[in-house]
Amino acid sequence: MKVSVLTRAGALGAFLALAGCASGPGSIYVPIGGGEQTRAPEPPRTSTSEPEEAPVWRKSEQPEEPAVVEERRDTAPSYQDSGERLSPAAQSLVSEADNLLAQGNTSGAISRLERAQRIAPRSAEVYFKLSEAYVAAGQLGSAEQFTLKGLSLAGDNTRLQRAGWLLLADIRRARGNVAGADQAEARAAAL
């Protein structure tokens, strides 16, 4: 009796298991409450057949706003307009260099003027003094280059520009460049 009950129970279990597996294709979702079976929601898809949502910008991804540039209204001209004024230290070195040039010590004068140049690198006066020292040392090529640099830094100071053009004319004449000297003198006369 026990064997037949166990055989029937096993057969019933096997039948139910096969019946569960044999059910047709359908959704694995079961509606809550066991009511009428409705269609389960579609799982999310990776394809882009639907219209894209608006992008969400994070703070770090947002484009930067243009910086507000404040206008500077300086009433004093910049060094490019008027040339740089010499500091007391640079002025002292230029004075020492003048004394050394008067004594014939050109290397000492050049050394002092190079120190003054480091203190006031945008001063046209220092470059013109260096040019004079190199003329005294007989190095006319260097003298012409320092004069041209000084002219580029003279800004709108006509006194410095005129002095620079006349110095350049003398240097070019000494180098045998008569046409270049005439051009430099014409520039000085036009100021």
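Remember, it's a predicted structure, so these values are computed and weren't measured experimentally. In what follows, residues are counted from 1 in the order of the sequence shown.
The two residues A169 and A181 have their closest heavy-atom pair at O-CB, 3.4 Å. Nearest heavy atom pair, residue A116 against residue L93, reads N-CD1, 3.6 Å. For the pair L100 and A109, the tightest heavy-atom approach, listed with the atom from each and the gap, is CD1-N, 3.7 Å. Contact record, L101 with A136: CD2-CB, 4.0 Å, taken as the closest heavy-atom pair.
Rounding to the nearest 0.5 Å places CD of Q161 at 11.5 Å from CG of L153. Between atom CZ of residue R175 and atom CZ of residue R172 there is a gap of 9.0 Å, rounded to the nearest 0.5 Å. Remark: L130 CG to L113 CG distance equals 4.5 Å, nearest 0.5 Å. Rounding to the nearest 0.5 angstrom, the gap separating the CD atom in E96 from the CZ atom in R115 is 7.0 Å. In this structure, CG in L167 is found 14.5 Å from CZ in R162, a value given to the nearest 0.5 Å. Distance CD/E185 to CG/D170: 7.5 Å, rounded to 0.5 Å.
You'll find the ring centres of F128 and F146 outside the 6.0 Å limit.
A salt bridge between K129 and D98 is present, with a side-chain N of the basic residue lying under 4.0 Å from a carboxylate O of the acidic one.
Linking ILVMFWY side-chain heavy atoms closer than 4.5 Å, directly or via other members, places L140 and L168 in a single hydrophobic cluster. V135 is connected to L148 through a chain of hydrophobic side-chain contacts under 4.5 Å among Ile, Leu, Val, Met, Phe, Trp and Tyr, so both are in one cluster.
Inter-residue side-chain proximity for N105 and S107 is flagged as met; some heavy-atom pair is nearer than 4.5 Å. Annotation: side chain of Y127 is in contact with side chain of Q117 (closest heavy-atom distance under 4.5 Å). Inter-residue side-chain proximity for D182 and R173 is flagged as met; some heavy-atom pair is nearer than 4.5 Å.
Side-chain atoms of T147 come within 3.5 Å of backbone N or O of A143 as a donor-acceptor pair. Remark: side-chain polar atoms of S152 are paired, donor with acceptor, to backbone N or O of K149 under 3.5 angstrom.
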